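Working notes, structure below.
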Amino acid sequence: MEKKYYIKTFGCQMNVYDSSRIADMLKKEGYAETNKQNDADIVIFNTCHIREKAAEKLFSDLGRAQLIAEERANDGKRTIIGVVGCVVQAEDEQIIKRAPYVNFAVGPQMYYRIPEILHNIEKDSKAESVIDTEFPAVNKFDFLPENKAQGVCSYLAVQEGCNNFCTYCVVPYTRGAEYSRSVEEVIKEAKRLIATGTLEINLLGQNVNSYHGEDESGKERDLAYLLHKMAELDGLQRLRYTTSYPADMTDDLIACHKDIDILMPYLHLPVQSGSDKILKAMNRRHTAGDYLRIVEKLYAANDKLKMSSDFIVGFPGETDEDFQKTLDVVNQVKYIQAFSFKYSRRAGTPAAVMDNQVEEKVKKERLEILQTLLFDYQTKFNQACVGKVMPVLFEQKGRHKGQLIGRTPYMQNLHARTKDDNINKMVDVVVTDATTNSLSGKEI
Ligand code: SAH
Ligand code: SF4
Ligand code: F3S
């Protein structure tokens, strides 16, 4: 019988990308995907360490995985349990101490070793758990099998890691120092994705607009250059990039939103807070004013452009006035989408030991106020789309027969009654209805 794998992914798009690369490797090893954990010969958790809740959830999932593995063992089936991703990098040996039945744990830079690790474990049923959290001197991308389209929309990692060290954030520790892939490597991967059915590419990086990959002559090139190169590729219909850091939004990059047709009019640019005092304590290298000036330039470059953002409420030292300034930024930018979080104390980061921590109750109240305001703008924008015609790239079948789900240029989910062969196609749709989270429409 064919061996099967099950992967559960937590965290950001970079983890989603990594999981799809792990899936590529496992398929090459002869495994098939299953979404039923009970059927899986190998179970992998790709983990996130960004906030406390995410990390704790892993251990309850692992406990459940072990129970399933025991049941399968009673039927004579072996299950290999692996943990990858940012929790491994942060916890290191602690993972195996807390969950000794885990067969292997590898950090985000070392997952290219999974096939080799699996061979060893398969050979020796009593093999000891493997832990690997080195930051290698090699480029992991060189060791991965060729990336095929994940569907009609694909992610393509161009940059990884972060040197910004925001005082609340674990990413510089879990993902390591910033690294950019070469222009050639990126274009080659993009061509392969397009050849295997991708129409939309989202260039990915923890800090994607600090991209500085080498071109063929060894010259360092920035993201604006890379976007222009991508726009020359035949067959690519949509281009996006995420996530950007405000201080790295250059004028050249802003101009791309005017000059490149296939660049979608939607940008995720996290501000975190609207208070200069808090931004400084966060070690963000921008003020609220700097951020608003960038947004103004972006809106001037392309009047169709809309923004999304991430916010943290209740960072140490945040007062009601500071929080009000965050609301002020929201009212000026009018985001059409956003992620907002209560500040979560992460061991090893500078903010975790700041002595002016905000009470949980206050964080909760502020989050509710912020989210109400954010949802209000989001709903208003969605409603303003009703009656408009939008190109929708249909990616999957809907719950009901004759229904497809796709995305608008603004990343809104839209479902429409339309024929099945519109799947994987860009179709003009008139929006007929809107809620906070999605649109419905019909083909024109
Ligand atoms: N590189 C991206 C985001 C990385 S993490 C950037 O700089 O914007 C994704 C989001 O998680 C962050 O934007 C931030 O809003 C949130 N986040 C990170 N650390 C956090 C913490 N300790 N508590 C709460 N939210 C956090
Ligand atoms: Fe974390 Fe800041 Fe780097 Fe984003 S820029 S990954 S928030 S340290
Ligand atoms: Fe989480 Fe790691 Fe991404 S901590 S947000 S999975 S980089």
Side-chain angles (χ1 to χ4, degrees), residues 7-19 22 45-58 83-91 107-109 111 133 155 157 159-179 204-211 241-249 267-274 278-279 281-286 291 307-316 318 326 335 337-354 357-358 360 363-364 366-367 370-371 374:
I7 304 184
K8 182 162 178 180
T9 309
F10 302 85
C12 63
Q13 294 309 335
M14 193 61 93
N15 261 14
V16 175
Y17 176 84
D18 287 342
S19 287
I22 292 169
F45 296 100
N46 191 1
T47 60
C48 172
H49 200 244
I50 202 87
R51 286 169 291 274
E52 196 175 345
K53 253 201 217 136
E56 271 314 306
K57 183 137 191 327
L58 169 67
V83 187
V84 299
C86 293
V87 175
V88 179
Q89 200 63 43
E91 306 254 325
Q109 303 304 335
Y111 66 75
T133 53
Y155 287 101
Q159 179 276 344
E160 194 174 352
C162 182
N163 296 345
N164 283 325
F165 291 95
C166 300
T167 53
Y168 50 81
C169 183
V170 295
V171 171
Y173 312 95
T174 62
R175 290 277 169 169
E178 216 181 274
Y179 166 81
L204 262 193
Q206 250 99 34
N207 189 358
V208 70
N209 61 341
S210 78
Y211 176 83
Y241 61 95
T242 196
T243 292
S244 297
Y245 184 77
D248 295 328
M249 280 313 290
L267 182 67
H268 184 60
L269 189 64
V271 66
Q272 314 298 357
S273 165
I278 296 299
L279 287 168
M282 287 177 163
N283 192 32
R284 300 283 290 184
R285 287 178 286 109
H286 59 87
Y291 181 90
M307 308 281 303
S308 70
S309 181
D310 293 343
F311 297 90
I312 296 177
V313 299
F315 185 83
E318 186 187 73
T326 300
Y335 297 98
Q337 248 280 351
F339 299 99
S340 44
F341 314 98
K342 289 184 283 187
Y343 166 68
S344 170
R345 245 169 135 161
R346 308 309 286 132
T349 61
V353 291
M354 289 179 182
Q357 301 288 327
V358 173
E360 184 59 29
K363 287 187 200 171
K364 194 163 168 266
R366 287 183 189 159
L367 188 65
L370 176 61
Q371 290 189 336
L374 288 168

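Every heavy atom of this structure was used, including side-chain atoms; hydrogens, water molecules and symmetry mates were not. A quick note: this is a predicted structure, and the numbers were derived from the prediction, not measured. Start at 1 and go down the list; that is how both ligands and their atoms are numbered. Along the sequence shown, residues carry numbers from 1.
Using a distance-only test at 3.5 Å, with no hydrogens or angles considered, a donor-acceptor pair links the side chain of Tyr245 to the main chain of Arg285. Side chain of Asp310 to backbone of Pro270: no donor-acceptor contact under 3.5 angstrom is found. Ser340 places no side-chain N or O within 3.5 Å of a backbone atom of Gln371 that could act as its donor or acceptor partner.
Between Thr242, Asp310, Leu269, it is Asp310 that holds the heavy atom closest to atom 10 (C) of ligand 1.
Rounding to the nearest 0.5 Å places CD of Gln337 at 9.0 Å from NE2 of His268. With values rounded to the nearest 0.5 angstrom, Asn46 atom CG is found 11.5 Å from Met14 atom CE.
Looking at Gln272 next to ligand 1, an N or O pair under 3.5 Å apart turns up. Close N/O approach between Thr243 and ligand 1 is not found [any backbone or side-chain N/O within under 3.5 Å]. Between Arg346 and ligand 1, no N or O atom pair is found at a separation short of 3.5 Å.
Around atom 3 (Fe) of ligand 2, the protein contributes the following N, O or S atoms at distances under 2.8 Å: Cys162 SG. Neighbouring protein atoms of atom 3 (Fe) of ligand 3 (N, O or S, distance under 2.8 Å, waters ignored): Cys12 SG.
Nearest to atom 21 (C) of ligand 1 among the protein's heavy atoms is Ser344 O, 3.6 Å. When only non-hydrogen protein atoms are considered, atom 4 (Fe) of ligand 2 lies nearest to Arg284 NH1, 4.4 Å. Of the protein's non-hydrogen atoms, Ile50 CG1, 3.4 Å is the one closest to atom 18 (C) of ligand 1. In terms of protein heavy-atom proximity, atom 20 (C) of ligand 1 is closest to Tyr168 CD1, 3.7 Å. The single protein non-hydrogen atom nearest to atom 7 (O) of ligand 1 is Arg284 NH1, 3.5 Å, given as residue, atom name and distance. Nearest to atom 8 (O) of ligand 1 among the protein's heavy atoms is Pro270 CG, 3.1 Å. In terms of protein heavy-atom proximity, atom 11 (O) of ligand 1 is closest to Arg51 NH1, 3.1 Å. The closest protein non-hydrogen atom to atom 24 (C) of ligand 1 is Lys342 O, 3.3 Å. Ranking the protein heavy atoms by distance from atom 1 (N) of ligand 1 puts Gln206 O, 2.7 Å first.
Across all their heavy atoms, Ser309 and Gln272 have their closest contact at OG-N, 4.5 Å. Between Thr174 and Pro108 the shortest heavy-atom distance is O-CG, 3.4 Å. The two atoms that bring Thr47 and Val84 nearest to each other are OG1-O, 2.7 Å, heavy atoms only. Taking each heavy atom of Tyr343 and Gly314 in turn, the nearest pair found is CB-O, 3.4 Å.
By the 4.5 Å heavy-atom criterion applied to side chains, Thr326 and Arg366 are not counted as neighbours. Within the 4.5 Å cutoff, the side chain of Val358 has no heavy atoms near those of the Phe315 side chain. Inter-residue side-chain proximity for Leu367 and Phe341 is flagged as unmet; no heavy-atom pair is nearer than 4.5 Å. In this structure the side chain of Val87 never reaches within 4.5 angstrom of the side chain of Phe45, judged on heavy atoms.
The pair Lys342-Glu360 meets the salt-bridge criterion, since a charged nitrogen lies less than 4.0 angstrom from a carboxylate oxygen.
Take Glu160 and apply the salt bridge (charged side-chain N to carboxylate O under 4.0 Å, His left out) test, not counting sequence neighbours, and it matches Lys140, Arg175. Among residues two or more places apart in sequence or in another chain, the ring-ring contact (aromatic ring centres under 6.0 Å, His included) test is passed with Tyr291 by none.
Of all atoms in ligand 2, numbered sequentially from 1 with element shown, those under 4.0 Å from a heavy atom of Tyr168 are 7 (S).
The shell of residues lying under 4.0 angstrom from ligand 1, judged by heavy atoms, excludes Val171.
For CZ of Phe339, the number of neighbouring non-hydrogen atoms (other residues, nucleotides, ligands) closer than 6.0 Å is 12 at most.
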